[in-house]
Structures are given as C-alpha cells and as structure tokens.
Asker: 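Can you keep this structure in mind? I'll have questions shortly.
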Amino acid sequence: MEISFTFSKKERLKSRKMIGALFIGGKSYLAFPLRVVWQPFPPEFYPTPQSSVQVMVSAPKKTFKTATARNRIKRLVREAWRLHKHEFYLRLPADHPPIALLLMFIAKEELTFKEVEAGVLKMIRKWEP
RNA sequence: CCCGCAGACCGUUCCAUCGCUACCGCGAGGUAGAGGAAAGUCCGGGCAACGCAGAGCAGCUUGCUUCCUAACGGGAAGGCAACGUUUAGGAAUAAACGUUGACGGAAAGUGCCACAGAAAACUAAACCACCGUUUUUGCAAAAAAACGGAACGGGUGAAAACGUGCGGUAAAAGCGCACGCCGUGUUUGGCAACAAGCACGGGGGUAAACCCCAGGCGUUGAAAAACCAAAUAAGCAGUACCCUGCGGAAUGUAGCAGGGAGGGCGGCUCGUCUUUUUUCCGUACGUCGGAUUGUAUUGUGGGUAGGUUGCUUGAGCCAAUGAGCGAUUGUUGGCCUAGAGAAAUGAUGGAAGCGCUUUGCGACGUGUCGCGAAGUGUACAGAACCCGGCUUAUAGGUCUGCUUUUUUU
RNA sequence: GGCUCCGUGGCUCAAUGGAUAGAGCAUCUGACUACGGAUCAGAAGGUUAGAGGUUCGAGUCCUCUCGGAGUCA
C-alpha cells in the first residue's frame with residue numbers, strides 16, 4: 001500500500017445527515033485527549049463516500065471560548081491524523097464498508113503537537129472493527 | 001530629556017520538509033490566499049423576496065444649527081451651557097484658555113419631589129427671632145397675652161418663591177432705583193443655531209416620569225432568493241380491477257359453479273383458506289354503458305437529501321492635481337487584491353528582527369549611548385453576501401502637538 | 001448568521017426611584033436534652049454581574065461591556 005500524507009476534501013466528513021447519525025447512534029471510546037465516535041456508512045447512503053474513511057474534528061466551545069483557539073486545536077488534530085492515517089488504513093479490513101469518524105478534543109487546555117500526536121496514535125491502536 | 005495626555009499610523013520577516021483551498025495548464029508544475037479590529041451586532045445603506053391607491057391614528061425611533069454623505073443615532077465647522085485655571089470687579093458676574101455635554105419644550109397640561117421642615121408650589125406659608133397697637137404685671141427697664149404688620153435674618157433640606165448693592169420703612173418687601181440673570185415681542189447682524197440694542201414682564205426642580213412639538217421608519221433577512229433534482233405526501237391525468245358456463249329478475253341490476261391471477265398457512269410437483277372493490281344512474285335488456293369511491297400502477301406535480309448560482313469589479317484601492325476652514329469631493333492616470341462551506345489560509349524544525357531583565361567592555365555630559373553574552377517576551381484575535389460608521393480587546397513600536405515638574409546653559 | 005429573554009446572601013425568590021436591600025431553606029452560636037433530632041432565641045453572610053451617565057437620591061431609568069439561557073432549517 002502506498003503511503004500518502006495528503007488530506008483532501010474527499011477524506012473529510014461533510015454530510016450533515018451522517019454527522020447527526022453519529023451523535024445519535026455512533027460507537028465511541030476514549031483515547032485521551034480524544035473521544036472517538038465512529039459508524040460505518042449504510043450501503044444505500046447518498047452521496048456515495050469517495051474514501052474508505054471520512055474524518056471530522058471538533059473542539060467544544062465551552063472549554064475553548066475563542067474561534068482562534070478552536071481553530072488551533074482542530075488544526076493540530078487534523079495534522080496528526082494526516083501524518084498517521086496510513087496506520088489506521090492498515091488495520092482496516094479490505095472488505096469493510098466505508099466508515100465515518102469523529103474526533104472530539106476533550107482536554108481542558110491547549111496541548112502541544114507532540115501530546116496530540118500521541119493521542120492520535122493511541123486512538124488508532126485502540127480501534128477495533 | 002524623562003513622564004503623562006490627546007490625535008494619526010504600523011502591528012514581525014526569511015529558509016527547509018510535509019500539507020490545505022481556488023484558478024490556470026494535457027501534464028510536470030505555476031499563481032493567489034484573514035483583520036485593524038475579520039469581534040460585539042449597537043446603527044445606517046446596497047442587494048433579494050413578499051406587500052403596497054392616498055392621508056391619518058397607533059407603535060418604534062431621533063432631537064442646538066448649518067454642512068458632508070447613498071444613508072446614519074456617524075463625521076466636520078459653528079453656537080450655547082456646565083466645570084476647571086488665570087485675569088478684572090466690593091459683589092452678583094464678565095473675559096481668555098482648556099475639558100466635557102442624549103444640548104427641542106417645565107412662563108401647554110397632568111404627576112412626583114422620601115426624611116427633615118411652618119411651608120415642597122393656588123398672588124402659598126408666620127416655628128424662632130423682628131416691628132406696631134391694646135391689656136395685665138412692674139418705680140423703671142422690661143416681661144407675658146391678644147390682635148395686626150412683615151418673607152429681611154435664623155433653622156430644615158438636594159432644592160425655600162430672581163442675584164448683588166443702595167434707597168425706603170415702625171419693621172420690611174421688585175415696593176423703587178442701578179448693575180446683572182431669565183422669558184416674550186421687536187429692530188439690527190448672521191444661511192441658521194444665536195448675539196447685541198430697545199420695550200414689556202417676573203421665573204423652583206424633574207421630560208434617561210407621562211406628555212407636547214418637529215423629523216424619520218412597510219415586513220423579513222444569504223437559513224434571503226433563483227435554477228437542477230434521488231426520496232416521500234397531497235393534488236391532477238392515464239391504465240387495470242378478469243375469463244367460461246349455468247341461471248334469476250323486469251316492481252330488476254343479484255347469485256352459483258369452474259378456471260386464471262395475487263396473497264396467507266402447512267416441509268410443499270400438492271392441499272387448504274382468502275381476495276379479485278363500493279355506491280348509484282340509464283333512452284340498454286347485451287351481464288351493456290356511464291358516473292362515483294377505493295386499491296394498484298405509470299406519468300405529471302411538488303422540492304426534502306444533495307448539487308449549482310447568488311460570491312466578490314466595488315458608494316473599490318493607489319498616486320498626482322484642482323475646490324473647500326474642514327468633513328468631503330471633481331478631474332486625470334494606474335491597479336485587480338481571499339472566496340471557504342461541519343467551513344481552506346496550516347504543522348514541525350531552524351535562523352533573523354524588535355522589546356524587557358541581568359551582566360561584561362568602551363565612550364563621555366554619570367545615566368545615557370555603542371558593541372557583546374545569557375535568559376525571556378513577541379499581543380488582541382480568524383473572513384462566512386457586500387459596504388459606511390460606532391463600540392469593545394490589543395505585546396510592542398513610529399510620528400505630531402501640548403500642560404506641569406526637575407536639571408543644565 | 002439572525003432574533004428574544006435573564007443576571008439580587010450558599011440555594012429558591014421578593015422589593016412603586018426614597019431610611020442600613022427583605023423572606024424561606026441552608027450555615028454558625030446559645031437555650032432545651034443524658035446525647036441527637038425537632039423547637040425557641042440570636043448572629044454572620046450582598047461591590048444587587050461590571051463600567052459610565054440621568055436624578056437631591058438608582059437594585060429599579062438610559063448607554064456600553066461581560067456571562068448565561070431559549071428560539072429560527
């Protein structure tokens with residue numbers, strides 16, 4: 001498998017409907033400082049996902065008041081995912097349906113890139129289909 | 001020079017690696033990519049949809065004048081008021097400079113003004129003190145009581161019925177006079193707010209209490225709106241709801257048997273159960289035609305998921321020059337400068353710049369400057385249709401003007 | 001992105017522009033009791049979210065800021 005570090009529009013979760021479904025019925029687990037929520041796409045889902053994994057990142061407004069702080073957190077998490085997502089792809093069975101993935105940042109203060117990267121690696125290790 | 005205040009402006013840069021969004025290119029790749037507040041949403045517009053004869057009422061909102069502007073609750077210039085400082089005056093007050101001002105109307109009306117005080121607003125009101133007359137007491141001075149005069153003084157209060165001074169009087173009072181404040185009318189100056197003069201008058205505060213006067217305002221906001229369009233509901237249009245035989249009725253429109261087709265149940269080359277529409281009309285008497293209702297299905301329709309447009313060339317930016325005290329604006333030339341959409345503009349590493357602290361060396365005017373080292377800081381904050389303002393946040397720096405103090409000459 | 005509302009002791013709420021902002025629960029102290037509860041008496045606890053203004057006087061009226069809640073597909 002070719003290792004790619006890109007993170008384009010196709011790999012982002014953009015469907016409002018799928019996001020709503022995630023919050024209602026997604027499976028979740030904790031990998032501090034992240035809380036992971038995920039769910040496979042239903043087979044008849046339209047528009048058909050272009051990638052085997054679609055990811056979104058969120059940071060709560062309650063702990064990070066300013067838009068700048070939230071942007072910073074989301075960029076760090078997205079950057080860590082971009083650099084390590086190929087490891088997740090290796091753990092994914094070939095015949096598995098496409099999945100939607102939500103990474104919620106739940107720490108109370110801003111962390112460094114190293115700490116966020118460790119969290120993303122932990123999250124990939126803990127994932128089980 | 002330092003500090004402070006006011007105003008205007010700037011508000012990090014470079015390299016490497018891995019990325020993101022848009023556009024261009026067949027491709028390799030190339031080009032562009034947050035702000036002064038992008039923020040708060042406090043105002044005003046553009047734009048869009050819907051509504052709309054005209055006028056008024058209600059509601060909301062603005063409030064010295066003139067000007068600027070697409071418009072504004074914004075800005076400019078001016079007027080007036082309050083406060084501070086200085087000067088003049090015996091004082092009320094005036095002038096100059098600075099700062100601030102939601103700055104129409106309280107002599108249209110209504111309400112309110114706690115406590116204290118005699119009285120908080122009817123040409124009002126007599127608590128103490130003041131003055132006169134009468135009576136009583138007393139040698140007298142005077143005291144007490146009654147009646148009357150009188151808002152000058154005291155006291156209360158945030159505020160006491162124009163202010164200061166002189167006259168006047170038994171004592172007093174805008175009662176009279178001079179100066180001053182204020183209102184109305186009028187003349188002059190000014191585009192106007194307003195100012196000055198003259199005449200008449202006499203006035204508590206509160207309109208960010210009700211209210212009066214004058215001006216303005218249709219409603220809803222890009223989740224607006226237009227287009228394409230899975231799904232699904234209503235509506236509209238079309239099609240289907242059977243075949244064979246027997247047989248009843250004519251005052252009627254039904255029934256029976258078999259077959260076909262669909263569905264359910266039972267381990268199933270069968271069996272069994274069930275459905276094959278409802279209501280009505282007829283000039284038809286053929287088991288025919290029409291209407292209606294229901295079901296199924298096709299099309300249409302509608303517009304959800306999703307997509308496209310709106311979406312960045314605009315009251316645009318820069319420069320020169322003309323008009324204006326100024327806000328602003330005319331002309332000419334040049335430029336194109338983010339366009340995302342659960343939401344891009346980044347991450348990591350390394351340099352540099354700037355500031356602060358500590359410290360070493362040198363210079364001189366002895367607390368500053370220059371050079372070097374170490375540590376540390378580098379803010380507030382992220383476009384969401386677009387503009388014009390206001391308000392709030394902000395490390396550090398630059399420029400201009402000014403007050404006071406200190407030091408030196 | 002737009003709109004509406006709210007903010008008063010630890011909690012739940014009052015207060016017409018007018019004295020030192022009041023009530024219940026909770027807290028503390030004392031009494032009662034062998035002890036505790038209940039009861040009785042008393043006390044403490046407030047920058048009325050913050051700042052500025054109007055007024056003689058502001059929790060209340062006006063402006064701005066901060067925080068919170070709700071609502072519109």
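Residue numbers start from 1 in every chain, and the chains themselves are labelled A, B, ... in the order their sequence lines are given, proteins ahead of strands. No hydrogens, no waters, no symmetry mates; every other heavy atom, side chains included, goes into these values. This structure is a prediction, so every number in the text was calculated from the model and none was measured.
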Asker: Where the side chain of A:S51 meets the backbone of A:Q54, is there a donor-acceptor pair that is under 3.5 Å apart?
Answerer: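 Checking the backbone N and O of A:Q54 against the side chain of A:S51, no donor-acceptor pair under 3.5 Å is found.
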Asker: As a test of the definition: with a 90° window around 0 for syn, would you call B:U313 syn or anti?
Answerer: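 Judged by the O4'-C1' to base torsion, B:U313 sits in anti, the angle falling more than 90° away from 0.
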Asker: For A:Y29 together with A:W38, are the ring centres under 6.0 Å from each other?
Answerer: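 Not close enough - the centres of the two rings lie 6.0 Å or further apart.
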Asker: Can you find a heavy atom in the side chain of A:R75 that is under 4.5 Å from one in the side chain of A:F113?
Answerer: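 With C-beta onward as the side chain, the pair stays apart.
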Asker: Can you check the distance between B:U358 and B:G4, where both ends of the measurement are the C1' atom (answer in whole Å)?
Answerer: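 So the two C1' atoms sit 29 Å from each other.
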Asker: Are the side chain of A:R91 and the backbone of A:I124 linked by a donor-acceptor contact shorter than 3.5 Å?
Answerer: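 A pair under 3.5 Å: yes.
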Asker: Going by a 90° cut-off around 0, is B:U184 syn or anti?
Answerer: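 With its glycosidic angle more than 90° from zero, B:U184 counts as anti.
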Asker: Can you tell me, in whole Å, how much space there is between the P of C:C66 and that of B:G40?
Answerer: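 Taking atom P in both C:C66 and B:G40, they lie 9 Å apart.
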Asker: If I pick the C1' atom on C:G9 and the same atom on C:A26, what distance separates them, to the nearest angstrom?
Answerer: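 Straight-line distance between the two C1' atoms is 11 Å.
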Asker: Between A:T68 and B:G382, is there a side-chain N or O to OP1/OP2 distance below 4.0 Å?
Answerer: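 So the side chain of A:T68 is within the cut-off, an N or O lying under 4.0 Å from OP1 or OP2 of B:G382.
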Asker: Say you pick atom C1' in B:G174 and the same atom in B:G202; how far apart are they, in whole Å?
Answerer: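 Rounded to whole Å, the distance is 9 Å.
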Asker: Where along residues 103-111 of chain A does a heavy atom fall under 4.0 Å from RNA chain B?
Answerer: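 None, since no heavy atom is under 4.0 Å.
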Asker: Taking for each residue the nucleotide of RNA chain B with the nearest heavy atom, is it A:L83 or A:K114 whose nucleotide lies nearer the 5' end?
Answerer: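 With A:L83 and A:K114 compared, the 5'-side residue is A:L83.
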Asker: Between A:R82 and A:F5 (side chain of the first, backbone of the second, donor and acceptor by atom type, cut-off under 3.5 Å), is there such a pair?
Answerer: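 Yes: the side chain of A:R82 pairs with the backbone of A:F5.
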Asker: Tell me: NZ of A:K10 to C1' of B:G306, nearest whole Å?
Answerer: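 Taking atom C1' of B:G306 as the reference, NZ of A:K10 is at 18 Å.
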Asker: Which of the following nucleotides, C:G68, B:C20, B:A344, is nearest to the side chain of A:K65?
Answerer: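 Of the options given, the side chain of A:K65 lies nearest C:G68.
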Asker: With heavy atoms under 4.0 Å as the rule, sort A:S8 into base, sugar-phosphate or nothing.
Answerer: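 Sugar-phosphate only.
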Asker: Quick check on side chain to side chain contact (heavy atoms under 4.5 Å, CB included): which of A:V37, A:L13, A:V53 does A:L101 satisfy it with?
Answerer: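 Among the candidates, only A:V53 passes.
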Asker: In terms of the nearest nucleotide of RNA chain B, which residue is placed more toward the 5' end: A:T66 or A:T112?
Answerer: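 Of the two residues, A:T112 wins.
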Asker: State the syn/anti category of B:G36 according to its glycosidic angle, syn meaning within 90° of 0.
Answerer: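 Judged by the O4'-C1' to base torsion, B:G36 sits in syn, the angle falling within 90° of 0.
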Asker: Rounded to the Å, how far apart are A:W81 CH2 and B:U348 P?
Answerer: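 The distance from CH2 of A:W81 to P of B:U348 comes to 20 Å, rounded to the nearest Å.
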Asker: So with a 6.0 Å cut-off around NZ of A:K10, is the heavy-atom count from everything else above 12?
Answerer: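 Open.
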Asker: Side-chain donor or acceptor of A:R82 under 3.5 Å from a matching atom on the base of B:C18?
Answerer: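 Pair found.
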Asker: Give the nucleotide from the list B:C20, B:A383, B:A347 with an atom nearest to the side chain of A:R12.
Answerer: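 So the nucleotide nearest the side chain must be B:C20.
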Asker: Taking the same atom, P, in B:G205 and in B:A159, what whole-Å distance lies between them?
Answerer: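 The same atom, P, in both gives a distance of 14 Å.
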Asker: May I have the distance from A:F113 (atom CZ) to B:U348 (atom P), rounded to whole angstrom?
Answerer: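 Distance check: A:F113 CZ to B:U348 P gives 7 Å.
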Asker: Which one is paired to C:G46, where only Watson-Crick or G-U wobble pairs with both distances under 3.5 angstrom count?
Answerer: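 The answer is none; no pair meets the criterion.
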Asker: Name the pairing partner of B:G365, where a pair is Watson-Crick or G-U wobble with both distances under 3.5 Å, or state none.
Answerer: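 B:G365 is paired with nothing.
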Asker: With both distances under 3.5 angstrom, what nucleotide forms a Watson-Crick or G-U wobble pair with B:C83?
Answerer: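 Base partner found: B:G98.
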Asker: In whole angstrom, give me the gap between the C1' atoms of B:G282 and B:G303.
Answerer: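 Roughly 46 Å separates the two C1' atoms.
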Asker: For B:G174, decide between syn and anti, treating a glycosidic angle within 90° of 0 as syn.
Answerer: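 Syn, angle within 90° of zero.
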Asker: In this structure, how many angstroms lie between the P atom of B:A305 and the NZ atom of A:K14, rounded?
Answerer: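 Those two atoms, NZ and P, are 17 Å apart.
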Asker: Watson-Crick or G-U wobble partner for B:C242, using a 3.5 Å limit on both distances?
Answerer: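 Base-paired to B:G259.
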Asker: Do we see a donor-acceptor contact under 3.5 Å between the side chains of A:S8 and A:T6?
Answerer: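 Short answer, no.
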Asker: Return a single string for nucleotides 22-41 of chain B, one symbol per nucleotide in 5' to 3' order, where B is base contact, S is sugar-phosphate-only contact and - is none, cutoff 4.0 angstrom on heavy atoms.
Answerer: S-----------B-------
Asker: Give the rounded distance in Å between these two atoms: CG of A:L76 and C1' of B:C18.
Answerer: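 Taking atom C1' of B:C18 as the reference, CG of A:L76 is at 15 Å.
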Asker: If we ignore hydrogens and angles and just use 3.5 Å, is the side chain of A:K126 paired with the main-chain N or O of A:L30 as donor and acceptor?
Answerer: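 Yes; at least one donor-acceptor contact below 3.5 Å.
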Asker: Is there a donor-acceptor pair closer than 3.5 Å between any side-chain N or O of A:R70 and the backbone N or O of A:K65?
Answerer: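 Flag set: sc A:R70 to bb A:K65 pair under 3.5 Å.
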Asker: Taking CZ from A:F5 and C1' from B:G19, how many angstroms apart are they, rounded to a whole number?
Answerer: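 Those two atoms, CZ and C1', are 11 Å apart.
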Asker: If pairing requires Watson-Crick or G-U wobble contacts with both distances under 3.5 Å, which nucleotide is the partner of C:C32?
Answerer: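 No nucleotide pairs with C:C32.
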Asker: Rounded to whole Å, please give me the gap between CD in A:E79 and C1' in B:A344.
Answerer: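 My rounded result for the distance is 13 Å.
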Asker: Below the 4.0 Å mark, does B:A347 have OP1 or OP2 next to a side-chain nitrogen or oxygen of A:R72?
Answerer: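 Checking B:A347 against A:R72, a side-chain N or O does come within under 4.0 Å of OP1 or OP2.
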Asker: What is the separation between atom NZ on A:K85 and atom C1' on B:C18, rounded to the nearest whole Å?
Answerer: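 Distance check: A:K85 NZ to B:C18 C1' gives 12 Å.
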